[in-house]
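So the structure is just underneath, and the comments pick up after that.
Numbers here simply count residues along the sequence, with the first being 1.
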Amino acid sequence: MEMQKTKEMVQIPATPGRASGMVRGAGAALLVRGVEVGGKFVLYFAVARLLGGEESGFFFLCLTWAHVLSTLTRMGLDRALIRHVSAELAVGQGTSAARCIREGVAGSGLLACAVAALCWAGAGLLETHVFSMPGLAPALRMAALAIPPQALCVVLCAALVGLGRPVVSQFLQNAWWPLVLLALVAAGCRSAADLLAGFAAAGASAGLLCLGLIARERRRLRADAVPAADTPPLPPLRSTALPLAVVEVVQVSISNMPVLVLGAFVSPVAVAAFSVANRITQLVWVVLISFGTIAAPRIGAAHRLRDDATLKSLNRTLQVLGALFGGVGAVLMALLAPYLLGFVGSGYEIAAAALAVMAAGQFLNALFTGQDVVLAMTGHGRILRRINLMQFIVCLAASIALIPRIQMIGAAIASAVPLALGCTASVMAVAWLLPRSAPLGPRLPARYARRLFGRAPGTDET
């Protein structure tokens, strides 16, 4: 009787577990991501055209600054919440899932507020001694104001993903704020500081909407079933989050560190051109992350239920979707780089070669879509951390060695090479650690895989 009850509770997640359900979810997510991609492209176009070279440079630099710091203050809790909430609900443990959500919100919120206060107080020093851009301090203060609401918004959106609401979560996390900023630009806003204040308001409003949606799931979050006797317990949330915090730091470093380092060596206009090129190629990443977010709760649930066949089907479907949509997009970006940048603004074509280099990195990333998600959702956070530390070292070394010498091209290489390294290592790690759910891609010989990933095939971390 207990086994039957547990089996019924497994059906609690709102998202189907099979790959066919993921494909349907991916279609809905693509619509949301289409709104996001279109909104961001029009926003970047409007900012570049209407704010002028200096103000647009301030805006892109401070937007990157706020994004980096809000990511750091989440400490990996957002990714950990996806795994824990989906896995606990898969076996009917609603109160445990609710406790994880409260823990994630409290931990991230306190740190984000502390970091924001420091950044507000140090804006003048950053303007003078780090970026050497007179007039940057007001925009930096508004960027500091955006850190707590953006951090909490992402954590709450991750809880929604775990609850089986990945599409609305992606809209609130990624598409809402560009639409809000576009409305401000349309209303006549022409200041980087004012737009960044709007960025803070967008994060706060999206977070409140997330809270409302989570409250509607309170029945599921209060219900508990008796799990099967052989169901292993999950580790504490912080144990899952700590390795994933390194992952978050590396991912945000690869996409944003080259921009910040470049800001110390070139003019605001050049920063704006490279930032636009960088953000155009990241639109491919947006699509890949979308597919990974759709798959994540399904992967977490399938792994908790030890359903290797479903996990393999989900993984390969994820790869095919990424290659079809992200890979084609990356190729088009590389081929049309001068035209895309020229359309954004006159003079932005100087970043065309950099855009092509970064698009090449995204192409490889698309071929191996979601393998970092598989590692995270199956409890292999420490292996993922090891891969990401390698990426971080390469990104840092390339930024220091190349950007002062070859500027934009150096920054592009510092973005593309670590990305290619990470996705290739991740697909090899999944093939080694989860051989019954192996992805499509290269494999390392056993002796090298054992040395790099440190575990025998088929063994999972808790």
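- Residues Ser313 and Arg298 have side chains that never bring a donor and an acceptor to within less than 3.5 angstrom of each other.
- A donor-acceptor pair is defined here as one N or O able to donate and one able to accept, closer than 3.5 Å; such a pair exists between the side chain of Gln319 and the backbone of Leu440.
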Inset, instruction - Any chance you could lay out the side chain to side chain contact (heavy atoms under 4.5 Å, CB included) test for Trp177 and Leu63, step after step, and finish with the verdict? - result: CA-CA 12 Å; Trp177 68 262; Leu63 187 67; 4.1 Å; yes

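- Asn315 places none of its side-chain heavy atoms less than 4.5 Å from the side chain of Ile299.
- Looking at every heavy atom in both residues, Phe291 comes nearest to Leu321 through CE1-O, 3.4 Å.
- For the atom pair SG (Cys157) and CG (Leu172), the distance works out to 5.0 Å, reported to the nearest 0.5 Å.
- Look at Glu103 and Arg99 and you find no salt bridge, because none of the NZ, NE, NH1 or NH2 atoms lies under 4.0 Å from a carboxylate O.
- Ala273 and Met408 get closest at one heavy-atom pair: CB-CE, 4.2 Å.
- Using a 4.5 Å heavy-atom cutoff, the side chains of Val276 and Val47 are not in contact.
- Going from atom OG1 of Thr73 over to atom CG of Leu152 covers 8.0 Å, rounded to the nearest 0.5 Å.
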Inset, instruction - Would you sort out whether Leu179 and Val35 count as a side chain to side chain contact (heavy atoms under 4.5 Å, CB included), showing the intermediate values? - result: CA-CA 9 Å; Leu179 296 179; Val35 173; 4.0 Å; yes

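- Checking each of Thr317, Leu318, Leu324 against Val320 for a side-chain contact (heavy atoms from CB on, under 4.5 Å) leaves exactly one that passes, namely Leu324.
- Atom CG of Leu140 and atom SG of Cys119 lie 8.5 Å apart (nearest 0.5 Å).
- When side chains are defined from C-beta on, Leu145 does not count as touching Phe199, because their heavy atoms never get closer than 4.5 Å.
- Here the shortest heavy-atom pairing between Val373 and Gly292 reads CG1-O, 3.7 Å.
- Checked against side-chain hydrogen bond (donor to acceptor under 3.5 Å, both in side chains), Trp176 has the following partners two or more places apart in sequence or in another chain: Ser205.
- The main-chain N or O of Leu384 is found under 3.5 Å from a side-chain atom of Asn388 such that the two form a donor-acceptor pair.
- Looking only at side-chain heavy atoms (C-beta outward), Leu434 and Val374 come within less than 4.5 Å of each other.
- Remark: Ser239 OG to His84 NE2 distance equals 7.5 Å, nearest 0.5 Å.
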Inset, instruction - Mind running side chain to side chain contact (heavy atoms under 4.5 Å, CB included) on Leu419 and Ser415 for me, showing each step along the way? - result: CA-CA 7 Å; Leu419 185 63; Ser415 294; over 6 Å; no

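- Once rounded to the nearest 0.5 Å, the distance linking OG of Ser399 with CE of Met257 reads 5.5 Å.
- For the residue pair Ala66 and Ile147, the shortest heavy atom distance occurs at O-CG1, 4.2 Å.
- For the pair Phe274 and Gln407, the minimum side-chain heavy-atom distance is 4.5 Å or more.
- Looking at Ser86, its side chain does come within 3.5 Å of a backbone N or O of Arg83 through a donor-acceptor pair.
- At least one side-chain heavy atom of Leu181 sits less than 4.5 Å from a side-chain heavy atom of Phe59.
- Asn278 is not listed as a side-chain neighbour of Pro258, based on a closest heavy-atom distance of 4.5 Å or more.
- Annotation for Arg238: atom CZ does not count as buried by contact number, only 12 or fewer foreign heavy atoms lying within 6.0 Å.
- Atom-to-atom distance recorded for Arg385:CZ and Ile387:CD1 is 12.0 Å, nearest 0.5 angstrom.
- Between Ala353 and Ile409 the shortest heavy-atom distance is CB-CD1, 3.6 Å.
- Centroid-to-centroid, the aromatic rings of Phe60 and Tyr44 come within less than 6.0 Å.
- At least one donor-acceptor pair under 3.5 Å links the side chain of Arg220 to the backbone N or O of Leu163.
- A donor-acceptor pair is defined here as one N or O able to donate and one able to accept, closer than 3.5 Å; no such pair exists between the side chain of Ser169 and the backbone of Arg165.
- Panel note: side chain Gln391, backbone Pro418; a donor-acceptor pair is recorded below 3.5 Å.
- Heavy-atom minimum distance, Leu156 versus Cys210: CB-CB, 3.7 Å.
- Distance alone, capped at 3.5 Å, is enough to place a donor-acceptor pair between the Ser70 side chain and the His67 backbone.
- Side chains of Ile280 and Leu341 form a contact here, defined as non-hydrogen atoms less than 4.5 Å apart.
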Inset, instruction - Might you work through the side chain to side chain contact (heavy atoms under 4.5 Å, CB included) test for Arg386 and Arg382, ending with a clear yes or no? - result: CA-CA 6 Å; Arg386 188 177 304 168; Arg382 280 181 281 180; 5.8 Å; no

